[in-house]
There are 2 protein chains.
Amino acid sequence: MPDAADPAPMNARRKFRREGEERRRQDLIEATLDSVAEYGLQGATLRTIALRAGVTAGLIRHYFPGKEELLQEAYTALVGRMTEQAKAALVMEDASPRQRLAAFVTANLNAPIIDARVFSLWATFIGRAGSDPTLARAHREGYLGFRNEVEAVVAEVLAAEQRKPDANELRHHAIAINAIIDGLWIEGCLAGEMFSPGELAAIGIKAVEAELGLVPEREEDQ
Amino acid sequence: MPDAADPAPMNARRKFRREGEERRRQDLIEATLDSVAEYGLQGATLRTIALRAGVTAGLIRHYFPGKEELLQEAYTALVGRMTEQAKAALVMEDASPRQRLAAFVTANLNAPIIDARVFSLWATFIGRAGSDPTLARAHREGYLGFRNEVEAVVAEVLAAEQRKPDANELRHHAIAINAIIDGLWIEGCLAGEMFSPGELAAIGIKAVEAELGLVPEREEDQ
DNA sequence: GGCCTTGTTATGCAAGTGTATAAATAGCCT
DNA sequence: AGGCTATTTATACACTTGCATAACAAGGCC
């Protein structure tokens, strides 16, 4: 599509800038995620991605062996970002284990983790995990990492309450809490406008504390 | 392109049987779901679907205006089947509300609802809900129907315990329980072999009863 | 400034896509 | 049994897709 009203030679070769390698790869990956989120895997063609990245399709092959690899790298980048953000909420200094757990739940049930675009991406990719071992492994690792984090905090919380759960108990708590967070995350991503701000987090904290058998805090302590 | 050296008529027209209309549509929808589950939306081409259904691609156009409509009908059929199965566990005569709730949780966390194929389908379609209003509405309706069922049972359970929750309390319980079931469902579908049989259901029941503040039953009562 | 490397564009191609249309035949009706 | 009709197959087509290759020019280097 040449620009119609242009005095300069119509079939002039497109101007371009040379970006650094890392920058270009990053841009291409981001454009890929955008395209997948918006149009799905089928709509994310090399041309669409290139258009979004502001380059022409051929360039992609300069940075990636093929489309498959681009998609895999994009997915890896996505899960990396997700788990990183999620875990970031756990590094609170001088906070009680219980507060850290609550903060963790809250962080996972608000923006930017509750986000329709990220959810769309997650669902699109995870739907292929059943038949794509690469995706399956990427997910498995992310999931187990997340659950281990949960299990660690749970152990701290219970220890602070003088309770000594055995390994299986701990595992079950982690699985359940993980499920609560995942389930609420999905609900929030898919139908965010059905919940008032902070409502999901409040529901999540109450559910998690009930699961652990923690006695509700008094109003003024919160 | 006639085959020159062949005595028998190589290019004989393929034999076929005429199936009833409803049967054919059903077969085509099933073949579509199979194809999507196995190859994803991009891999589910008309030819792939037709091959799986044992017909040729052209026939699809005889039953559906286009691929788009076929996919939508397939998704509608899927969510219909899912919610139907889920709710079926609730129609237990002469069982206490608490037993019915437990049965509901158990049913949702075992085969055939815990199923990698169904999950793959769900994820693939739901990933497009963000940009496809038709899919979004189909999901929304299924989700709300499910949550209303949950809310109804929860109300019965609490009533049986002489507790009178207000509307908001009830809603929050339903949202949390829905999340627990969804989250465990995902974990089971994605990594079923990580859990022993019945383990997810046990975790789910405990979590749900904790959420509702039900006191654990004594061993011999279970 | 003029070259040289290589990031980038442009063009081409074979395979596959959804859709349209024509040809055939299965199976019901009389 | 034989014709009719609508289901089904077969073929064609325009278009898109991922990938390959050639032409080009941006920007560092001397």
Side-chain angles (χ1 to χ4, degrees), chain A residues 1-3 6 8-32 35-36 38-74 124 128 132, chain B residues 1-3 6 9-32 35-36 38-74 128 132:
Chain A
M1 300 252 174
D3 312 308
D6 208 325
M10 283 282 292
N11 39 6
R13 206 180 173 86
R14 172 176 172 162
K15 296 284 188 235
F16 61 90
R17 275 185 47 207
R18 305 187 140 180
E19 299 286 353
E21 155 150 7
E22 209 39 56
R23 169 67 185 277
R24 266 278 128 90
R25 298 186 109 253
Q26 206 54 41
D27 283 354
L28 285 173
I29 286 181
E30 204 56 44
T32 302
S35 300
V36 173
E38 188 149 355
Y39 310 109
L41 277 177
Q42 33 181 4
T45 73
L46 291 182
R47 286 165 177 85
T48 302
I49 294 170
L51 181 65
R52 201 158 206 132
V55 298
T56 53
L59 185 60
I60 295 181
R61 282 267 319 193
H62 200 98
Y63 289 99
F64 301 90
K67 192 189 180 186
E68 190 71 20
E69 289 79 3
L70 172 58
L71 286 174
Q72 283 171 0
E73 283 209 34
T124 302
R128 306 293 339 117
D132 185 333
Chain B
M1 47 197 74
D3 311 306
D6 207 324
M10 274 287 288
N11 39 6
R13 206 180 174 85
R14 171 176 172 163
K15 296 288 188 228
F16 62 90
R17 276 185 48 207
R18 305 184 142 185
E19 299 285 352
E21 155 151 7
E22 209 39 56
R23 169 67 187 278
R24 265 278 127 90
R25 299 186 108 251
Q26 206 55 40
D27 284 353
L28 285 173
I29 286 180
E30 205 56 43
T32 302
S35 300
V36 173
E38 189 148 354
Y39 311 109
L41 277 178
Q42 35 180 4
T45 73
L46 290 181
R47 286 163 176 84
T48 303
I49 294 170
L51 182 67
R52 200 160 206 131
V55 298
T56 54
L59 186 60
I60 294 180
R61 284 264 318 186
H62 200 102
Y63 290 98
F64 301 91
K67 192 190 182 186
E68 190 71 18
E69 289 80 2
L70 172 58
L71 285 174
Q72 283 170 0
E73 285 209 35
R128 306 295 336 116
D132 185 334

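As the structure is a prediction and not an experimental result, all values here were calculated from the model. Order of the sequence lines fixes the chain letters, A, B, ..., with proteins taken first and strands second; residue numbering starts at 1 for each chain.
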[X] versus [Y], closest heavy-atom pair with distance:
X: A:L41; Y: B:Q42; value: O-OE1, 3.7 Å
X: B:A57; Y: B:R47; value: CB-CG, 4.0 Å
X: A:Y39; Y: B:R128; value: C-NH2, 3.3 Å

A:E73/A:R25 under side chain to side chain contact (heavy atoms under 4.5 Å, CB included): CA gap, chis, key distance, verdict:
CA-CA 10 Å; A:E73 283 209 34; A:R25 298 186 109 253; 3.3 Å; yes
Please lay out, stage by stage, how B:V36 and B:L71 fare under the test side chain to side chain contact (heavy atoms under 4.5 Å, CB included).
CA-CA 9 Å; B:V36 173; B:L71 285 174; 4.1 Å; yes
Quick one: is [N] close enough that its OP1 or OP2 comes under 4.0 Å of any side-chain N or O from [X]?
X: B:R18; N: C:dC28; answer: no
X: A:T56; N: C:dA10; answer: no
X: B:R17; N: C:dA26; answer: no
X: A:H62; N: C:dG7; answer: yes
X: A:R13; N: C:dT9; answer: no

Given [options], the nucleotide with the shortest approach to the side chain of [X]:
X: A:R47; options: D:dC19, D:dT5, C:dT6; answer: D:dC19
X: A:R14; options: C:dT9, D:dC19, D:dT17; answer: C:dT9
X: A:L59; options: D:dT9, C:dT8, D:dT8; answer: C:dT8

For the pair made of [atom1] in [X] and [atom2] in [N], what is the distance, rounded to whole Å?
X: B:R25; N: D:dT7; atom1: CZ; atom2: C1'; result: 14 Å
X: B:F64; N: C:dT19; atom1: CZ; atom2: C1'; result: 16 Å
X: B:L51; N: D:dT8; atom1: CG; atom2: C1'; result: 16 Å
X: A:R24; N: C:dT8; atom1: CZ; atom2: C1'; result: 8 Å
X: A:F16; N: D:dC24; atom1: CZ; atom2: C1'; result: 7 Å
X: B:R61; N: D:dT7; atom1: CZ; atom2: P; result: 15 Å
X: A:K15; N: C:dT9; atom1: NZ; atom2: P; result: 12 Å
X: A:I60; N: C:dG7; atom1: CD1; atom2: C1'; result: 14 Å

Using a heavy-atom cut-off of under 4.0 Å over every strand shown, decide if B:Y63 touches base, sugar-phosphate, or nothing.
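Sugar-phosphate: the residue B:Y63, judged by heavy atoms under 4.0 Å, touches backbone atoms but no base.
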How would you label the contact of A:E19 with the nucleic acid (heavy atoms, under 4.0 Å): base, sugar-phosphate, or nothing?
sugar-phosphate
